[in-house]
Amino acid sequence: MNLRSLANQHILNQPTYIPGKPTEAVAAEFNIPADEIIKLASNENPWGASPNAIREGKSILQNIHLYPDGSGSELTKTISSKFNLSTEQIILGNGSNEIIELLAHVFLSEGDEVIFGEHAFAVYKLVTLLMGASPVAITMPHLKHDLGAMLEAVTSKTKIIFLPSPNNPTGTANTNEEIHWLVENLPDHVILCFDEAYTEYLNKPPTTLSFIKSNPKIVCLRTFSKIYGLAGLRIGYGYGSKEMISLLQKVRQPFNANAVAQATAIAALKDQDWVNQCRIRNTSGLKQLEEGLTKIGLEYIKSSANFILIQVGDGLEVFNKLQKRGIITRPMSKELGQYLRISVGTEHENEKVIFALNEIFKGKINI
Ligand SMILES: *Cc1c(COP(=O)(O)O)cnc(C)c1O
């Protein structure tokens, strides 16, 4: 019997997530020393994790033969006291991506509709399709989420609205007023997943605690992969009502948050000086990139996060030209094919990107 015919038929058309090439592969292909390659493709923190966190993570390796704490109690306690929530209102995930999938497992099945922006983070659509539910993609004027249009698209079949702010890959954020409006007008049968992956980069992030207190159907997601610099460890969390979190807990694997990740994340959370420094450096890095791009004559989407979407004409072509020069960036899908996403790097890395882009666009400026 044909193996494919044994599979759940709706997964046969499921797109496979294709990650960017790792540094080592690019180094080998273009014959460039790996330590000269600049990776600005995945919105990682170019300054790395807090040194305290790294020290803590290393020390855990001594006991790595032991299973992790399956309830993640220390990390959960640290998060709960940061937000002044009960520990039953928090769930840990193998990256916040896992929690997006847990939401799908709990709430979605065939016939359900899921609303998100047409250029929103790609994983919402993947988990929707995975469960055989129907994605409803909403137009994003100026590449920003149109919350009014999102609410207008709600039907009796709508189960979840996903809202990332700032959004990846556009870098656009909704105002706090817009987000409060959405929360206040959310229909009673709809779940709102507010994805806060880049919230630490905002000067005035929305205060989401009032959302989850007023509505048990709202869940907020955070990650240690971005400003905390722990992308390689795979750790994130969600917070919401006790009812919401207890449903999500049912569908996760027993040891989904590994031991090194738990210990490192606790130390990372406690080092808010590091987070604040990274936020300040990111703001200067964004400014440096914006000024360089303006000099070259390249337009970009104003970003509230740690990456910037640049209008380059043929995104794939410029991606390839940069890659040959040892700079890895992120080309976009065909809908955003004229753009290229570049993460904010260190001052030196940003300088090199601007230099390379200037070369590619025929040396319009003298650097
Ligand atoms: C990076 C990112 C996440 C989190 O990724 P994890 O590494 O799985 O925690 C979630 N949402 C958005 C919009 C992101 O860009």
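Counting convention: from 1, in listed order, for ligands and their atoms alike.
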> With no hydrogens and no angle check, is any side-chain donor or acceptor of Trp47 less than 3.5 Å from a backbone partner on Asn282?
Replying inline: no

>> Could you tell me if the side chain of Ile218 sits less than 4.5 Å from the side chain of Leu186, heavy atoms only?
In response: yes

>> Do Ile91 and Ile235 sit in one hydrophobic cluster, given that two such residues count as connected whenever their side-chain heavy atoms are within less than 4.5 Å of each other, even indirectly?
In response: no

>> For Phe307 and Tyr198: C-alpha separation, side-chain torsions, deciding distance, then whether ring-ring contact (aromatic ring centres under 6.0 Å, His included) applies.
In response: CA-CA 10 Å; Phe307 55 86; Tyr198 302 95; 5.2 Å; yes

Could you pull out every N or O of ligand 1 that sits under 3.5 Å from a protein N or O, with the distance for each pair?
residue	atom	partner	partner atom	Å
ligand 1	5 (O)	Asn97	ND2	3.3
ligand 1	7 (O)	Ser225	OG	2.6
ligand 1	7 (O)	Arg234	NH1	2.7
ligand 1	7 (O)	Arg234	NH2	3.3
ligand 1	8 (O)	Ser96	N	3.3
ligand 1	8 (O)	Asn97	N	3.0
ligand 1	8 (O)	Asn97	ND2	2.8
ligand 1	8 (O)	Arg234	NH2	2.7
ligand 1	9 (O)	Ser96	N	2.7
ligand 1	9 (O)	Ser96	OG	3.3
ligand 1	9 (O)	Thr223	OG1	2.5
ligand 1	9 (O)	Ser225	OG	3.4
ligand 1	11 (N)	Asp195	OD1	3.3
ligand 1	11 (N)	Asp195	OD2	2.7
ligand 1	15 (O)	Asn168	ND2	2.8
ligand 1	15 (O)	Tyr198	OH	2.7
ligand 1	15 (O)	Lys226	NZ	3.1

>> Holding to ring-ring contact (aromatic ring centres under 6.0 Å, His included), I want the full list of residues that pass it with Phe107, two or more places apart in sequence or in another chain.
In response: none

>> Working to the nearest 0.5 angstrom, can you tell me the gap between Asn45 CG and Tyr228 OH?
In response: 11.5 Å

